[in-house]
Amino acid sequence: MAQAVEEWYKQMPIITRSYLTAAIVTTIGCSLEIISPYNLYLNPRLVVKHYQFWRLVTNFLYFRKMDLDFLFHMFFLARYCKLLEENSFRGRTADFFYMLLFGATVLTGIVLIGGMIPYVSESFAKIIFLSNSLTFMMVYVWSKQNPFIHMSFLGLFTFTAAYLPWVLLGFSVLVGASAWVDLLGMIAGHAYYFLEDVYPRMTGRRPLRTPSFIKSLFADEDVVVARPANVRFAPPPAEEVRQD
């Protein structure tokens with residue numbers, strides 16, 4: 001059993017494995033009181049005035065208490081992050097990292113701006129960890145890219161993947177979790193989906209092109225495509241044409 005888990009862990013792509021490891025280590029560290037959540041949560045005042053920039057990252061690593069909700073989000077992270085990195089972003093590790101960076105930036109921006117809007121600022125002020133929202137964003141992006149896959153929710157009913165975010169949102173409401181967290185993930189996910197998939201088809205422009213300095217951080221593997229022996233991908237040389 002331990003060997004099977006080790007093999008499963010080693011076979012994970014690099015971004016998924018790194019994020020899952022950091023999330024589990026951080027959450028366990030907080031549960032054992034080795035790390036204090038007060039040093040991790042998103043606090044704009046401490047970031048700006050006290051230069052505690054690490055909070056912009058650490059608030060995405062802590063998943064609160066180690067309960068059933070934690071297990072659900074670790075499952076979603078391990079499954080859908082892995083599916084995206086291995087399929088939609090296969091051979092494009094830099095693009096996948098940029099997607100996560102974009103999602104984290106959008107989520108942080110929404111919380112910061114929402115905290116300055118009257119009547120809703122108190123609701124946004126309560127959102128101090130965005131790890132669940134980032135996980136939900138990945139679920140949303142995966143569902144948009146694989147809308148026709150048939151799924152089952154706890155064996156109760158079946159649906160297509162296009163409705164997965166809404167099913168999970170309804171489940172969160174039923175168990176008493178905050179719907180804001182999932183909604184923020186859906187907003188960030190839809191922003192990425194629109195700018196990366198819909199807008200380029202409409203205009204021919206791709207605004208979310210991964211910057212060169214991020215691509216330089218990752219050595220992506222080339223995607224090998226089998227080429228039949230007798231199929232040409234370019235016109236034959238002039239010499240061959242004259243000989244024929």
Side-chain angles (χ1 to χ4, degrees), residues 4-24 27 60-61 63 68-104 106-107 130-172 181-198 200 206 208 210 214-215 217-225:
V5 173
E6 182 181 358
E7 287 298 320
W8 169 78
Y9 178 78
K10 287 181 178 179
Q11 290 175 2
M12 279 188 175
I14 182 62
I15 300 296
T16 302
R17 184 168 67 244
S18 300
Y19 188 21
L20 182 66
T21 302
I24 292 176
T27 305
F60 291 100
L61 302 179
F63 284 80
L68 184 61
D69 183 67
F70 170 76
L71 295 177
F72 267 117
H73 281 90
M74 288 301 99
F75 170 77
F76 293 146
L77 175 59
R79 177 174 173 78
Y80 295 105
C81 187
K82 182 173 182 286
L83 286 173
L84 282 173
E85 191 172 359
E86 286 186 339
N87 297 307
S88 302
F89 292 89
R90 183 177 182 83
R92 297 190 298 130
T93 306
D95 293 341
F96 184 64
F97 177 79
Y98 190 56
M99 183 202 78
L100 295 181
L101 182 61
F102 171 82
V106 170
L107 291 170
L130 290 166
S131 49
N132 291 357
S133 298
L134 187 61
T135 303
F136 206 88
M137 173 202 168
M138 288 184 274
V139 173
Y140 186 90
V141 172
W142 179 85
S143 71
K144 281 295 187 180
Q145 294 181 348
N146 303 273
F148 303 112
I149 294 180
H150 289 275
M151 310 187 73
S152 174
F153 182 73
L154 302 178
L156 300 177
F157 59 92
T158 58
F159 55 92
T160 57
Y163 297 99
L164 177 61
W166 300 101
V167 172
L168 296 178
L169 176 62
F171 178 74
S172 296
V181 173
D182 293 348
L183 285 172
L184 290 179
M186 293 174 70
I187 293 172
H190 192 74
Y192 178 83
Y193 169 72
F194 177 80
L195 293 174
E196 179 66 12
D197 294 335
V198 178
R206 186 186 171 198
L208 292 184
T210 306
I214 292 182
K215 289 195 175 225
L217 299 176
F218 301 92
D220 290 324
E221 297 179 0
D222 295 330
V223 179
V224 179
V225 180

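For this chain, numbers begin at 1 and follow the sequence in order.
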Geometric class of the His190/Tyr140 ring pair [parallel <30°, tilted 30-60°, perpendicular >60°]: perpendicular

From CG (Leu77) to OG1 (Thr135), nearest 0.5 Å: 5.0 Å

Shortest non-hydrogen contact between Phe102 and Ala188, atoms and distance: CE2-O, 4.2 Å

Asn87 and Asn146: CA distance, side-chain angles, deciding distance, side-chain contact (heavy atoms from CB on, under 4.5 Å) verdict: CA-CA 11 Å; Asn87 297 307; Asn146 303 273; over 6 Å; no

By side chain to side chain donor-acceptor pair (under 3.5 Å) - contacts of Ser18 (at least two apart): none

Heavy-atom side-chain proximity of Val139 to Arg79 below 4.5 angstrom: no

Rounded distance [0.5 Å steps], SG in Cys81 versus CG in Leu100: 6.0 Å

Point-to-point distance, once rounded to the nearest 0.5 Å, from CZ of Arg90 to CG of Leu83: 12.5 Å

Donor-acceptor pair, side chain of Ser88 and main chain of Leu84, under 3.5 angstrom: no

Side-chain donor-acceptor contact under 3.5 Å, Tyr9 with Thr21: yes

Side chain to side chain, Phe63 and Ile24, heavy atoms closer than 4.5 Å: no

Minimum heavy-atom distance Ala78-Leu20, with the two atoms named: CB-CD2, 4.2 Å

Any Tyr19 side-chain heavy atom under 4.5 Å of Glu85 side chain: no

Minimum-distance pair of heavy atoms, taken over all atoms of Gln11 and Glu86: O-OE2, 3.8 Å

Atom of Lys82, atom of Pro13 and distance for their closest heavy-atom approach: CG-CD, 3.9 Å

More than 12 heavy atoms of other groups within 6.0 Å of Phe148 CZ: no

Spacing of CG belonging to Leu184 relative to CG belonging to Leu134, to within rounding of 0.5 Å: 11.5 Å

For the student: nearest non-hydrogen atoms of Phe96 and Thr16, plus distance: CE2-OG1, 4.5 Å

Straight-line distance of Met151 CE to Phe157 CZ, nearest 0.5 Å: 11.0 Å

Between side-chain atoms of residues 158-170 and protein atoms elsewhere (two or more places apart, or another chain), which donor-acceptor pairs fall under 3.5 Å?
none

Side-chain heavy atoms of Met99 within contact of Thr210, under 4.5 Å: no

Euclidean distance, Leu107 CG relative to Ile187 CD1, rounded to 0.5 Å: 9.0 Å

Closest non-hydrogen atom pair, Tyr192 against Phe89: OH-CZ, 3.3 Å

pair Ile149-Trp142: side-chain heavy atoms closer than 4.5 Å: yes

